[in-house]
Amino acid sequence: MSDSNSAHEKEPVTKPIEKPAPLGGARIFLFCLSLLVMVLITAWPHFLGSTPDTMDHNAAMVLMMGMSCGFVYGIGFTPKLRIWRWLFSGWSAIGLMLIGVLMRLI
């Protein structure tokens, strides 16, 4: 009897629930896309403007926010709070990076 009680006590109270990522295998893709944006901004800053007067700071801000969200999602971190989980999701990373590029091109 004591053997069954000791085995029962060793089990965790709550078992972690594994949920699949909403975008499937897109974590690697988003991480690589974030690396590409980082290299683009670092190596070719003229993408955002050739002079300080023509620099599009709003597009840079949105693009870097998307890049940051892509890094967080890409490394596999999932926040517990729903608002942070939504903000650092793959969909928001793709959306922000796409909006940032569109803001610069249009």
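Counting from 1, the numbers follow the sequence of the chain as shown. Only heavy atoms go into these numbers, but all of them, side chains included; no hydrogens, no water, no symmetry mates.
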Subject >> Ser68 side-chain N/O to Met64 backbone N/O, donor-acceptor pair under 3.5 Å >> reply: yes
**OP:** Please indicate whether Leu105 has more than 12 foreign heavy atoms, meaning atoms of other residues, nucleotides or ligands, lying under 6.0 Å from its CG.
**Re:** yes
Subject >> Side-chain donor or acceptor of Arg27 paired with backbone N/O of Ile75 under 3.5 Å >> reply: no
Original post:
To the nearest 0.5 Å, how far apart are CG in Leu63 and CZ in Arg104?
Top reply: 11.0 Å
Original post:
How many angstroms lie between atom OH of Tyr73 and atom CD1 of Ile94, to the nearest 0.5 angstrom?
Top reply: 8.5 Å
Original post:
Hey, any chance Met38 and Leu98 share a hydrophobic cluster, counting ILVMFWY side chains that come within less than 4.5 Å of each other, even indirectly?
Top reply: no
Subject >> Whether Ser89 side chain and Trp86 backbone form a donor-acceptor pair below 3.5 Å >> reply: yes
Original post:
So Thr78 and Phe88, side-chain contact (heavy atoms from CB on, under 4.5 Å) or not? Walk me through it.
Top reply: CA-CA 8 Å; Thr78 305; Phe88 292 115; over 6 Å; no
Original post:
When rounded to the nearest 0.5 angstrom, what distance separates CZ in Arg82 from CG in Leu87?
Top reply: 14.5 Å
Original post:
Can you tell me how far CG of Leu48 sits from CG of Leu40, rounded to the nearest 0.5 angstrom?
Top reply: 7.0 Å
**OP:** Look at the rings of Phe47 and Trp44 and say which category their plane angle falls in: under 30° parallel, 30 to 60° tilted, over 60° perpendicular.
**Re:** tilted
Original post:
Nearest 0.5 Å, what's the CG-CG distance between Leu35 and Leu30?
Top reply: 11.0 Å
**OP:** Check which hydrophobic residues are tied to Leu96 through side-chain heavy-atom contacts below 4.5 Å, counting indirect links as well, and list them.
**Re:** Met61, Val62, Met65, Ile99, Met103
Subject >> Single-linkage hydrophobic cluster, 4.5 Å side-chain cutoff, Val72 and Ile28 together >> reply: no
Original post:
With side chains defined as the heavy atoms from C-beta onward, is the minimum distance between Ser34 and Met97 less than 4.5 Å?
Top reply: yes
**OP:** Verify, without hydrogens or angle tests, whether Thr54 (side chain) and Gly49 (backbone) share a donor-acceptor contact under 3.5 angstrom.
**Re:** no
